[in-house]
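The structure presented is a predicted model; accordingly, all values stated were derived computationally and were not measured.
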Amino acid sequence: MKPFQAPLDDILFTLHHVARARELPGYDAELTREIAGHFASFAESEIAPLDEPGDQQGCRLETGRVLMPDGFADLYRAYADQGWLGLTVPEAYGGQDLDATLLAVTSEIFSGANHSLQMVTGLVPGAVRTLLSFGTGAQKAAHIPALASGEALATMCLTEPGAGSDLSQVRCHAANDGDGWRISGEKIFISGGDQDMSDRILHLVLARTSDDGIRGLSLFLCPCTRGDGSRNAVTVTRIEEKMGLHASPTCQLAFDGAEAELLGAEGKGLKAMFTMMNHARADVALQGVAHAARAVDVARAYAAERVQGRGPDGTPVALDRHADVQRMLDEMDALAFGGRAIAQLATVAMEHADRPDLVEILTPIAKVHCTEAGIRAADLGIQVLGGYGYLREYRLEQTYRDARITAIYEGANGIHARALVARLLPGKSGDALELFFQQAAEAPGTEGCRACLDLWQAARRDLIARADPTPAAHDFMALSAETLLQCLWHRTLEMARDHPDPDRIARVSNRALAAGRLRAAYHAGMIKQIH
């Protein structure tokens, strides 16, 4: 089995030249490369080796507490001691105050090395962002330094047995008894709901404070321990047995009058929670990219060594000399590379600060496209390896199992497609994306981008005019992603000479451009047919 190797050259090339992070004020390419290199070495030597044994051992619940797989606690302490949790936290709270582009680099590498552990630690930046936006001075001082140092980890507690995607059905409630808020109810599917790595856990809990639908929801900070050090009234009732992510404890939590603090205004819980959720969705997009990159790395290495069949001259050849295998490898490569470009573009737009409408529409497109790319690439990788791909030994079956959830959590992909056509498309976010497409299509040699843009604009006008555009939501999401990719592949081709392997980049880009134009035409045609 090929050991994990961080795709640093691809990551940095895309960030600098395709997502154009170099245009950000104060962006330091050399610092990014140096820090990314340090984290890649740490991930390859210490994080990745625990991925397979963690998957096989899994987590366990004993006497009401979750125990992580062997070695995870020590690894977490090393990760925290090196300061990685505080990468984007302001210096005033003990962090390094670096930007989100660097976090995107380390997040992808972390997910490729060990998605399960990344899941348990990955909500810290979103929790910090939420505290910075909505917390009081006292709340920030009490919680952000602990999150930055690794003393505490964070969870996001939304889902309930009767309230998944429809948060108006949330029944977990909070009441103020005069001495403070108390939360009672049940939450499910809580990643890292308990673990034995950090000393503390900070639950961000969406709870009902009135019966006024989603306007009756408020967000609360609910620490695992009270002020006197005793355990808060939060109990793990079970950990789920899942298809993948075995080393990430997905918990059911029972709140029985648990002490909590209101975060932000009462009745404004969704606004606060979406700050954390939007960060999580961007992170999930990178998880999909990480799985795609890992799958193609394993498959490419295997196909280069495995001798099967003969070439045109009758001599034995490796698998990668066969046209169909090369087709699959190039498709996998394009899935990872193109997905990364979209995810990083959204991150760079976020760092510009003056492009909130573009960020709002790029985030769901990245989440949907990148997660489906990860699943597709893992599936293709198994096919390249044939029977060996179906075996645990080569790890692609774990890649597939771990990647599959990404299209479901943080908003099922169909929900994001529905939101795109029903809410984002008609407004300023749709205008912002159209402007991005128009500017990209003005560059020389972007005929394919302009052709896809024509299809996208026609579809947009059509859907805005419909009373119910949602039946075409899936195809419009796909058309939007393909149009976006046309723009980004042209940028990639333009800068291919700056990649260490320009021939590979040119081959994959040209193939992806041709295939993307065909897919865009197909989805545009389907939109016309579906009413």
Side-chain angles (χ1 to χ4, degrees), residues 14 18-20 285 288-289 331 334-335 337-346 348-349 355 357-373 376 413 416-466 469 472-494 508-530:
T14 310
V18 184
R20 296 181 176 173
V289 170
E331 182 180 346
L335 288 165
F337 208 97
R340 180 183 298 113
I342 293 177
Q344 290 183 348
L345 180 71
V348 169
R355 305 177 185 177
D357 296 322
L358 183 60
V359 173
E360 188 178 31
I361 199 166
L362 286 177
T363 299
I365 295 173
K367 197 276 183 184
V368 172
H369 177 80
C370 295
T371 57
E372 293 180 356
R376 171 67 176 162
N413 284 0
H416 289 294
R418 178 187 176 92
L420 177 65
V421 299
R423 182 173 60 84
L424 300 176
L425 183 64
K428 292 182 180 179
S429 294
D431 294 339
L433 184 58
E434 185 164 3
L435 178 61
F436 175 86
F437 288 155
Q438 290 170 340
Q439 292 173 339
E442 291 173 357
T446 56
E447 292 80 7
C449 184
R450 288 194 289 272
C452 287
L453 173 56
D454 290 342
L455 294 173
W456 188 89
Q457 288 174 319
R460 185 189 182 201
R461 290 192 297 269
D462 178 9
L463 293 179
I464 289 174
R466 295 186 189 184
H474 169 81
D475 287 288
F476 189 77
M477 173 62 81
L479 175 59
S480 298
E482 294 296 347
T483 306
L484 185 56
L485 284 168
Q486 287 287 311
C487 303
L488 298 177
W489 283 121
H490 280 292
R491 287 186 181 182
T492 303
L493 267 178
E494 179 187 2
V508 171
S509 298
N510 281 312
R511 191 164 195 161
L513 280 167
R517 287 193 291 270
L518 292 174
R519 287 193 294 266
Y522 166 79
H523 290 296
M526 290 300 296
I527 290 169
K528 291 180 181 178
Q529 296 296 320
I530 297 172

Participant: For residues L425 and W456, report the shortest heavy-atom separation together with the two atoms involved.
Facilitator: CD1-CZ2, 4.2 Å
Participant: Drop me the distance from S480's OG to D475's CG, to the nearest 0.5 angstrom.
Facilitator: 10.5 Å
Participant: For R418, which residues count as a salt bridge (charged side-chain N to carboxylate O under 4.0 Å, His left out) partner, sequence neighbours excluded?
Facilitator: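 Partners of R418 under the salt bridge (charged side-chain N to carboxylate O under 4.0 Å, His left out) test: none.
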Participant: Are V289 and Q344 side-chain neighbours, meaning at least one heavy-atom pair lies under 4.5 Å?
Facilitator: no
Participant: Determine, stepwise, if the pair I365 / L433 fulfils side-chain contact (heavy atoms from CB on, under 4.5 Å).
Facilitator: CA-CA 11 Å; I365 295 173; L433 184 58; 3.8 Å; yes
Participant: Give, for atom CG of L484 and atom CZ of F437, the distance between the pair rounded to the nearest 0.5 Å.
Facilitator: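 So the CG of L484 and the CZ of F437 are separated by 5.0 Å.
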Participant: Got a second to check how far L485's CG is from H369's NE2, nearest 0.5 Å?
Facilitator: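 NE2 of H369 is found 4.5 Å from CG of L485.
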Participant: Filter on salt bridge (Lys or Arg N to Asp or Glu O under 4.0 Å), then keep only pairs touching residues 512-530, sequence neighbours left out; what's left?
Facilitator: E482-R519
Participant: Run the salt bridge (charged side-chain N to carboxylate O under 4.0 Å, His left out) test against D431 and tell me which residues pass, sequence neighbours left out.
Facilitator: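 With neighbours one apart ignored, the set is R460.
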Participant: Only pairs at least two apart or in different chains count here, so list each salt bridge (Lys or Arg N to Asp or Glu O under 4.0 Å) that has a residue in residues 359-372.
Facilitator: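 Every pair satisfying salt bridge (Lys or Arg N to Asp or Glu O under 4.0 Å) with a residue in residues 359-372: E360-R423.
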Participant: Ignoring hydrogens and geometry, is there a side-chain-to-backbone donor-acceptor pair from T371 to A285 under 3.5 Å?
Facilitator: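 Checking the backbone N and O of A285 against the side chain of T371, no donor-acceptor pair under 3.5 Å is found.
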Participant: If you measure from CD on E434 to CG on L453, what distance do you get to the nearest 0.5 Å?
Facilitator: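 With rounding to 0.5 Å, CD (E434) is 6.5 Å from CG (L453).
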Participant: Between Y522 and L518, is any pair of side-chain heavy atoms under 4.5 Å apart?
Facilitator: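 A side-chain contact is absent here, since even the closest heavy-atom pair is not under 4.5 Å.
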Participant: Please determine whether salt bridge (charged side-chain N to carboxylate O under 4.0 Å, His left out) holds for the pair R466 and D462, giving the CA-CA distance in whole Å, both sets of side-chain angles, and the decisive distance to 0.1 Å.
Facilitator: CA-CA 7 Å; R466 295 186 189 184; D462 178 9; 2.8 Å; yes
Participant: With rounding to the nearest 0.5 Å, note down the distance linking OG1 in T492 to CG in N510.
Facilitator: 11.0 Å
Participant: Is there a side-chain contact between L513 and L493 in this structure, where contact means two heavy atoms from C-beta onward sitting under 4.5 Å apart?
Facilitator: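 Yes; the side chains approach each other to less than 4.5 Å.
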Participant: For residues E494 and H490, determine if any side-chain heavy atom of one lies less than 4.5 Å from a side-chain heavy atom of the other.
Facilitator: no
Participant: Test of understanding: with side chain to side chain contact (heavy atoms under 4.5 Å, CB included), list the residues that count as partners of A478, not counting sequence neighbours.
Facilitator: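 Applying side chain to side chain contact (heavy atoms under 4.5 Å, CB included) to A478 gives H523.
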Participant: Just to verify, what does R491 make a salt bridge (charged side-chain N to carboxylate O under 4.0 Å, His left out) with, not counting sequence neighbours?
Facilitator: none
Participant: Which distance, rounded to the nearest 0.5 Å, do you find between the SG of C449 and the CD of Q439?
Facilitator: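 CD of Q439 is found 11.5 Å from SG of C449.
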Participant: Given side chains that start at C-beta, do those of M526 and H474 come closer than 4.5 Å, heavy atoms only?
Facilitator: no
Participant: What verdict does the side-chain contact (heavy atoms from CB on, under 4.5 Å) test give for L345 and F436, after you've listed the backbone C-alpha separation in whole Å, the side-chain angles of each residue and the deciding distance to 0.1 Å?
Facilitator: CA-CA 11 Å; L345 180 71; F436 175 86; 3.7 Å; yes
Participant: Can you name the closest pair of heavy atoms from C370 and G339 and give their distance?
Facilitator: SG-O, 3.1 Å
Participant: Does a side-chain heavy-atom distance below 4.5 Å link L463 with I527?
Facilitator: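 In contact.
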Participant: Which heavy atom in A341 sits nearest to a heavy atom in V18, and how many Å separate them?
Facilitator: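 For A341 and V18, the tightest heavy-atom pair comes out as CB-CG1, 3.9 Å.
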Participant: For the residue pair S509 and W489, what are the closest heavy atoms and their distance?
Facilitator: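 So the two residues come closest at OG-CE3, 3.4 Å.
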Participant: Any heavy-atom pair between the side chains of V368 and L420 that's under 4.5 Å?
Facilitator: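 The answer is no, as the side chains (C-beta and beyond) never meet within the 4.5 Å cut-off.
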